[in-house]
Structure formats: structure tokens, C-alpha cells
Amino acid sequence: MQSRKKILAICGSTRINSTNHRLIKAIAQLSKDIFDIELYDRLTQLPQFNPDDDNENVSKEVLGFRQLLKKADGVIVCTPEYAHGVPGSLKNAIDWTVGTSEFSQKPTMLITASTDGKYGHQSLLETLHVIEAKNIHNLQLLISFASTKVNKESKINDMTALSEIKKLLERFEQTINEKVKVA
Ligand SMILES: Cc1cc2nc3c(=O)[nH]c(=O)nc-3n(C[C@H](O)[C@H](O)[C@H](O)COP(=O)(O)O)c2cc1C
């Protein structure tokens with residue numbers, strides 16, 4: 001039997017009752033036979049990105065985050081949109097990886113789960129594309145009115161969203177198992 005793939009999930013919302021956090025829990029439950037999903041919940045502990053600090057004395061938090069990304073077979077990013085953009089704490093975390101390329105050829109799945117979300121989704125897709133996240137254009141989903149689609153027990157109660165997420169997880173698994181380079 002194949003061992004479960006190690007996945008790092010990053011939630012772009014740091015809110016306690018976050019819909020995106022509940023969505024990650026729902027995804028972990030749906031994919032528990034194939035993925036071992038670890039939640040990265042330390043976005044607020046990362047220092048503000050400054051290229052001048054990205055040197056041999058870079059903070060331990062940053063090194064730890066990079067290490068988790070390196071070890072993971074794949075990354076799931078679930079995020080809301082804030083003011084038609086990407087939440088600052090999530091973008092800050094990604095900026096810490098640009099010089100060290102942890103996302104390069106890393107199978108990465110992006111879900112923007114927001115009230116609307118289209119602007120932040122496009123922006124983050126472009127960022128993940130430019131840092132070479134593997135197959136990102138086939139591994140993305142925008143879920144609008146998200147708070148009505150995931151209940152308090154972290155169950156996806158919208159059948160369309162559930163079906164789209166299941167298909168996305170299949171493509172994510174295929175991408176992880178593919179050895180070829182995909183732009
Ligand atoms: C500061 C702020 C700005 C927001 N801006 C947007 C926005 O531009 N577009 C949108 O779709 N939702 C926006 N929202 C609503 C969030 O998408 C919604 O609250 C979402 O459920 C938050 O995700 P979470 O539950 O995972 O925290 C905003 C919320 C906050 C707090």
C-alpha cells in the first residue's frame with residue numbers, strides 16, 4: 001500500500017471561526033486515506049518580509065516555514081480575499097519563499113473561499129504561477145459565498161462545491177504522483 005502524501009495546508013485567514021480553516025478540515029477529512037494534512041497556523045508569527053533580513057541570520061520562524069514547505073509533497077492554500085486582494089499575512093509568508101524557491105515545482109492547490117473572491121484569486125494565482133508552483137492553473141478553485149457552503153461541523157454542505165473540491169483533489173493527487181515538470 002502507498003503511504004499517504006504529506007501535505008502542508010496554509011490558511012490565509014487567521015480568524016478563530018474561519019470558513020477557510022473549516023474548509024481545510026473538511027478537505028483533510030475527505031482525503032484522509034491519501035493525504036496527511038498538516039495545518040500551518042503560524043502566519044502571524046512570521047516577521048514582516050524585508051529582503052535585508054533574508055540572510056544567514058534569517059529568523060527561525062522563517063526557516064521553520066521553509067522547512068515545512070520543503071518536506072511537503074504538496075501544498076494547499078485556502079484563503080479569503082481582503083479588499084480585492086490577498087490577505088497581507090499570507091502574501092508576507094509567500095514573499096519569504098521567493099528567494100529560496102520552496103514553491104518551485106511544488107504541487108500546489110489554491111482555493112479562494114470568500115464572499116466573492118475573484119480579484120484576490122487572480123492575484124494569488126499569478127503570484128503562485130511566477131514562483132513556479134506546479135500545475136497551478138489546473139489546481140485552483142474559486143468558491144464564492146463560501147460561508148454558506150461549509151457548516152460549523154466543517155462539512156461542505158453545497159453539492160456543487162463538494163463535487164468541484166473532489167475533482168480538484170483528484171487532479172492534485174495526480175500532479176503529486178507525476179514526475180514530469182508542469183508549468
Ligand atoms: C478586512 C476585510 C476585507 C474583506 N474584503 C473582501 C473582499 O474584498 N472580497 C470578498 O469577497 N470578501 C471580503 N471580505 C469578506 C471575507 O471574504 C469573508 O468574511 C470570509 O468569510 C473571510 O474568510 P474566513 O471566514 O476564512 O476568515 C473581507 C473581510 C474583511 C475582514
Side-chain angles (χ1 to χ4, degrees), residues 6-32 35-50 61-62 64-65 68-69 72 74-98 102-103 106-131 133 136-169 171-172:
K6 281 185 77 65
I7 306 298
L8 188 70
I10 305 171
C11 183
S13 170
T14 52
R15 233 161 51 80
I16 290 172
N17 287 318
S18 158
T19 303
N20 282 275
H21 187 197
R22 280 189 265 128
L23 189 55
I24 289 171
K25 284 196 202 163
I27 286 171
Q29 183 61 28
L30 280 173
S31 62
K32 63 181 185 317
F35 297 146
D36 173 10
I37 297 185
E38 177 182 359
L39 176 70
Y40 180 75
D41 59 0
R42 300 184 61 83
L43 283 185
T44 57
Q45 307 301 309
L46 290 167
Q48 284 194 16
F49 177 64
N50 179 342
E61 276 298 326
V62 172
F65 177 54
L68 288 170
L69 286 168
V75 178
I76 295 177
V77 179
C78 281
T79 185
E81 169 183 88
Y82 284 167
H84 288 190
V86 180
S89 55
L90 174 61
K91 183 61 166 52
N92 181 58
I94 293 173
D95 286 345
W96 277 113
T97 72
V98 175
E102 282 77 16
F103 276 93
K106 183 73 68 182
T108 302
M109 183 177 122
L110 168 64
I111 297 180
T112 301
S114 207
T115 307
D116 181 292
K118 62 178 176 292
Y119 299 101
H121 190 65
Q122 278 311 318
S123 171
L124 193 46
L125 256 186
E126 180 56 29
T127 296
L128 291 170
H129 168 71
V130 82
I131 59 175
I136 187 64
H137 288 293
N138 288 317
L139 297 177
Q140 50 86 21
L141 179 65
L142 173 63
I143 303 177
S144 297
F145 306 108
S147 63
T148 65
K149 298 178 180 173
V150 192
N151 69 19
K152 299 246 176 310
E153 287 73 43
S154 303
K155 293 267 181 310
I156 299 159
N157 51 14
D158 178 277
M159 290 310 111
T160 306
L162 180 61
S163 154
E164 284 174 340
I165 287 170
K166 283 182 176 170
K167 285 187 213 147
L168 187 59
L169 285 168
R171 296 199 295 277
F172 187 44

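This structure is a prediction, so every number in the text was calculated from the model and none was measured. One-based numbering, in listed order, for ligands and for the atoms of each.
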* Asked: If we only count N/O pairs under 3.5 Å, is Ala113 in contact with ligand 1?
  -> no

* **Taking atom 21 (O) of ligand 1 as the reference point, the nearest protein heavy atom with its distance** => Thr19 OG1, 3.9 Å

* To do: May I ask you to check whether Asn17 has an N/O atom sitting below 3.5 Å from an N/O atom of ligand 1?
  => no

* **Donor-acceptor pair, side chain of Asn92 and main chain of Pro47, under 3.5 angstrom** => yes

* Using 30° and 60° as the class limits, which term best fits the ring planes of Trp96 and Phe49: parallel, tilted or perpendicular? -> perpendicular

* To do: Could you please spell out the steps behind the side chain to side chain contact (heavy atoms under 4.5 Å, CB included) verdict for Leu169 and Ile27?
  => CA-CA 9 Å; Leu169 285 168; Ile27 286 171; 3.9 Å; yes

* **Identity and distance of the protein heavy atom lying nearest atom 7 (C) of ligand 1** => Glu81 OE1, 3.2 Å

* Donor-acceptor contact below 3.5 Å, side chain Lys106 vs main chain Ala72 -> yes

* Check whether any N or O atom of Pro80, backbone or side chain, sits under 3.5 Å from an N or O atom of ligand 1, and answer yes or no. => no

* Asked: In terms of residue, atom name and distance, what is the protein heavy atom nearest to atom 31 (C) of ligand 1?
  -> Tyr82 CE2, 4.0 Å

* Numbering as shown, the atoms of ligand 1 that approach Asn20 to under 4.0 Å (heavy-atom distance) -> 23 (O), 24 (P), 26 (O)

* Asked: Of the protein's non-hydrogen atoms, which lies at the shortest distance from atom 15 (C) of ligand 1, and what is that distance?
  -> Thr115 OG1, 3.5 Å

* **Partner of Ile111 by side-chain contact (heavy atoms from CB on, under 4.5 Å), out of Ile24, Leu139, Ile165** => Ile165

* **ligand 1 N/O within reach of Ser147 N/O, cut-off under 3.5 Å** => no

* Asked: Would one find an N or O of Ser114, backbone or side chain, under 3.5 Å from an N or O of ligand 1?
  -> yes

* **Ser13: numbered ligand 1 atoms lying under 4.0 Å from its heavy atoms** => 24 (P), 26 (O), 27 (O)

* Examine distances only and state if a side-chain atom of Lys149 and a backbone atom of Ala161 form a donor-acceptor pair shorter than 3.5 Å. => no

* Are any side-chain N or O atoms of Glu81 and backbone N or O atoms of Asp116, one a donor and one an acceptor, separated by less than 3.5 Å? -> no

* Check against side chain to side chain contact (heavy atoms under 4.5 Å, CB included), Ile10 and Phe65 -> CA-CA 10 Å; Ile10 305 171; Phe65 177 54; 3.9 Å; yes

* To do: Can you establish whether the number of heavy atoms outside Asn17 located under 6.0 Å from its atom CG is more than 12?
  => no

* To do: Give, for atom CG of Leu23 and atom SG of Cys11, the distance between the pair rounded to the nearest 0.5 Å.
  => 8.5 Å

* To do: Could you list the atoms of ligand 1 found under 4.0 angstrom from a heavy atom of Ala83?
  => 3 (C), 4 (C), 5 (N), 6 (C), 7 (C), 8 (O)

* Asked: Judged by atom type as modelled, is there a donor-acceptor pair below 3.5 Å linking the side chain of Ser154 to the main-chain atoms of Val150?
  -> no

* Asked: His21 to ligand 1: N or O pair under 3.5 Å?
  -> no

* Asked: What residue and heavy atom of the protein are closest to atom 8 (O) of ligand 1, and at what distance?
  -> His84 N, 2.8 Å

* Identity and distance of the protein heavy atom lying nearest atom 11 (O) of ligand 1 -> Asp116 N, 2.6 Å

* Asked: Heavy atom of Ala146 under 4.0 Å from ligand 1?
  -> no

* Asked: How about atom 19 (O) of ligand 1: does it have a protein heavy atom within less than 4.0 Å?
  -> no

* To do: Number the atoms of ligand 1 from 1 as they appear, then name those within less than 4.0 Å of a heavy atom of Arg15, with their elements.
  => 24 (P), 25 (O), 27 (O)

